[in-house]
Amino acid sequence: TPSRQFLKTAALTTGSLLLARSGLRGATPSPANGRLQIALIGVGGRGTAALTALQNEQLVAFCDVDFARGRGTAAQKTKNGNVLARFLEAKWFSDFRVMFEEMADQIDAVVVSVPDHMHFPIAMAAVRLGKHLYVEKPLCRCITEVRALHAAAKKAGIVTQMGNQGRAAEGIRLAREWVQAGLLGRVHTVHAWNTSAGASYSLNLETATDVAVETPPLTLNYDLWLGVAPERPYRKIYSHGSWRGFVDYGTGRLGDWACHQLDAAYYALDLDAPTTVEAASTEPKKDTFPAINTLSYAFPARGARPPVTVKWFDGGLLPPQPVEGFKFNPGGGSIFYGDKGIMSVGSHSSSARLLPETRMQEMMGLLPPKTIPRVVGGPHVEWANAIRNGGICGSNFDYAAPLAEI
């Protein structure tokens with residue numbers, strides 16, 4: 001239909017059309033003091049994190065294709081009471097294009113918290129309007145989109161952040177400080193994992209077409225939810241909780257979790273692109289990602305530092321036991337192996353510990369100083385402060401794009 005065709009070309013046409021009408025060039029100027037004018041695209045679900053974290057800014061627009069999930073669920077889940085009630089004058093939209101058409105000159109920055117397949121078209125429209133940009137992980141659904149968005153954002157000169165929240169955490173900083181101080185010696189191997197399973201990956205389905213066609217709820221604009229994805233009849237399994245497992249909408253367990261669990265290795269070891277990737281998986285079912293994956297990445301030497309092998313395990317598989325008595329967190333994490341020691345890093349880089357525990361206790365009081373600046377308030381606040389005061393976010397697109405490619 002014409003509306004579907006328009007959606008498919010939105011990333012190419014909407015931004016340039018709005019840019020021409022508004023006359024904007026480059027990044028939108030932001031107040032040196034005072035609150036930023038921010039639009040949230042995707043308010044329910046993961047969007048509630050942005051709503052909570054940015055409640056001290058001026059939220060001027062909310063956009064969600066599902067009115068009930070966007071407004072109702074956000075109101076129920078948001079910490080510190082009903083934050084939405086503080087922004088009654090903010091305008092609500094179901095179509096991000098309409099929001100930009102009506103309010104481009106009232107928006108400094110945009111947060112994108114929607115399913116993966118719509119990250120690229122929405123983010124590109126925001127970039128072409130010169131809006132500072134926060135995009136939840138993974139940055140985009142495929143490498144081509146990641147590279148195009150990264151290049152466009154760099155040219156626009158905007159402040160960017162990808163929402164792998166561990167990059168703003170304590171554990172990832174400890175991991176880098178300890179590696180740089182030589183506590184592990186020369187790191188040669190990293191194992192990372194995520195074993196959580198559930199409906200969000202649709203692992204129990206032969207194919208979505210086994211599920212009967214349903215009628216979309218009245219609160220959901222299903223056509224807008226599909227966006228640039230192939231047109232198909234509505235099934236709740238797509239849009240409510242299980243979209244991550246479908247190749248047209250999500251990026252599977254690897255795309256969903258590796259931005260968290262490989263982040264510490266990528267940062268602490270200054271990794272770039274791997275030279276080879278070896279993968280093995282269970283047979284993928286139609287339209288969905290495999291239930292179980294293992295990958296082995298080979299990263300080249302970096303100066304005097306040796307090559308590094310990074311191995312990924314998911315779907316119930318775990319790495320070899322690093323030391324006797326170590327308990328794997330089902331949510332995931334990573335383990336660094338050096339020629340002088342071993343270190344574990346928690347899920348989302350939440351913590352770092354030397355292994356075995358006896359060595360951790362021996363090193364207490366002897367650990368290297370904390371030289372890397374810490375982030376207070378999390379990744380959303382870091383991004384807002386960088387817009388207002390200058391500076392570079394930890395997971396800016398120069399950092400996040402190569403990580404997302406991995």
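Atom CH2 of W178 sits about 8.5 Å away from atom CE of M363, to the nearest 0.5 Å. Once rounded to the nearest 0.5 Å, the distance linking OG1 of T215 with NZ of K236 reads 13.0 Å. Atom CD1 of residue I406 and atom CG of residue L295 lie 11.5 Å apart, to the nearest 0.5 angstrom. Here the OG-CG distance, from S344 to L355, works out to 4.5 Å after rounding to the nearest 0.5 Å. How far NE2 of H260 is from CD1 of I172: 11.5 Å, rounded to the nearest 0.5 Å. To the nearest 0.5 Å, atoms CD (Q165) and OG (S350) are separated by 10.5 Å.
Residue pairs meeting the salt bridge (Lys or Arg N to Asp or Glu O under 4.0 Å) criterion with at least one partner in residues 330-355, sequence neighbours excluded, are R353-E357. Counting only residues at least two apart or on different chains, no salt bridge (Lys or Arg N to Asp or Glu O under 4.0 Å) pair has a member in residues 58-67. Counting only residues at least two apart or in different chains, side-chain hydrogen bond (donor to acceptor under 3.5 Å, both in side chains) contacts with residues 269-280 comprise R176-D270, D270-R305. Among residue pairs with one or both ends in residues 315-334, those qualifying as ring-ring contact (aromatic ring centres under 6.0 Å, His included) are W193-F328, F326-F328; sequence neighbours excluded. Sorted by first and then second residue, the pairs that involve residues 396-406 and meet salt bridge (Lys or Arg N to Asp or Glu O under 4.0 Å), not counting sequence neighbours, are R147-E405, K154-D398.
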Working for side-chain contact (heavy atoms from CB on, under 4.5 Å), residues T144 and V146: CA-CA 6 Å; T144 302; V146 167; over 6 Å; no
Verdict with supporting geometry, F120 and R141, side-chain contact (heavy atoms from CB on, under 4.5 Å): CA-CA 8 Å; F120 180 72; R141 202 177 63 87; over 6 Å; no
Evaluation steps, side-chain contact (heavy atoms from CB on, under 4.5 Å), between V110 and I38: CA-CA 6 Å; V110 175; I38 297 177; over 6 Å; no
Test log, rule side-chain contact (heavy atoms from CB on, under 4.5 Å), inputs H188 and V308: CA-CA 5 Å; H188 52 79; V308 177; 6.0 Å; no
Test log, rule side chain to side chain donor-acceptor pair (under 3.5 Å), inputs S347 and N329: CA-CA 8 Å; S347 182; N329 178 351; 5.1 Å; no
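For Q161 (side chain) and P379 (main-chain N/O), a donor-acceptor pair under 3.5 Å exists by modelled atom type. Not one N or O on the side chain of R244 forms a donor-acceptor pair closer than 3.5 Å with the backbone of D256. Panel note: side chain R186, backbone A304; a donor-acceptor pair is recorded below 3.5 Å. Looking at N389, its side chain never comes within 3.5 Å of a backbone N or O of A386 through a donor-acceptor pair. R302 contributes a side-chain N or O that, together with a main-chain N or O of L269, makes up a donor-acceptor pair within less than 3.5 Å. Within the 3.5 Å criterion, the main-chain N or O of P290 finds no donor-acceptor partner in the side chain of S281. In this structure a side-chain-to-backbone donor-acceptor pair under 3.5 Å is missing from H119 to S113. With T288 contributing its side chain and G245 its backbone, the two residues share no donor-acceptor pair below 3.5 Å. One N or O on the side chain of K131 and one on the backbone of A104 form a donor-acceptor pair closer than 3.5 Å. Panel note: side chain Q261, backbone A258; no donor-acceptor pair is recorded below 3.5 Å.
A salt bridge links R374 and E177; the closest N-O separation between the charged side-chain nitrogens and carboxylate oxygens is under 4.0 Å. Ion pairing between E136 and R46 holds under the 4.0 Å rule for side-chain N and carboxylate O. Remark: R388 engages E57 in a salt bridge, criterion side-chain N to carboxylate O under 4.0 Å. Of the charged side-chain nitrogens involved, none lies within less than 4.0 Å of a carboxylate oxygen, so that K137 and D116 do not count as a salt-bridged pair.
Residues F336 and H191 place their aromatic rings such that the two centres sit no closer than 6.0 Å. Ring to ring, H380 and W383 are not that close: their centroids are 6.0 angstrom or more apart. For Y266 and Y399, the ring centers are positioned less than 6.0 Å apart. Close placement of the Y249 and W225 rings is indicated, their centers lying within 6.0 Å of each other.
Evaluation of the ring pair (Phe, Tyr, Trp, His ring centres under 6.0 Å) rule for H150 yields no partner, not counting sequence neighbours.
Between R167 and Y267, the closest side-chain pair of non-hydrogen atoms falls below 4.5 Å. No side-chain heavy atom of Y238 sits under 4.5 Å from any side-chain heavy atom of W243. The closest side-chain heavy-atom distance from L129 to F100 is below 4.5 Å.
Contact between D263 and S349 at its shortest, heavy atoms only, is CB-OG, 4.3 Å. Nearest heavy atoms, H117 versus D248: CB-O, 3.3 Å. Across M103 and V60, no two heavy atoms sit closer than the pair CE-O, 3.5 Å.
Residues D314 and N194 have side chains that never bring a donor and an acceptor to within less than 3.5 angstrom of each other. With 3.5 Å as the limit, one finds a donor-acceptor pair spanning the side chains of S395 and N164.
For E324, the CD atom sits in a loose shell: 12 or fewer heavy atoms of surrounding residues, nucleotides or ligands are nearer than 6.0 Å. Within a 6.0 Å radius of CG in L318, other residues, nucleotides and ligands contribute more than 12 heavy atoms. The environment of L366 atom CG is dense: over 12 non-hydrogen atoms of other residues, nucleotides or ligands sit within 6.0 angstrom.
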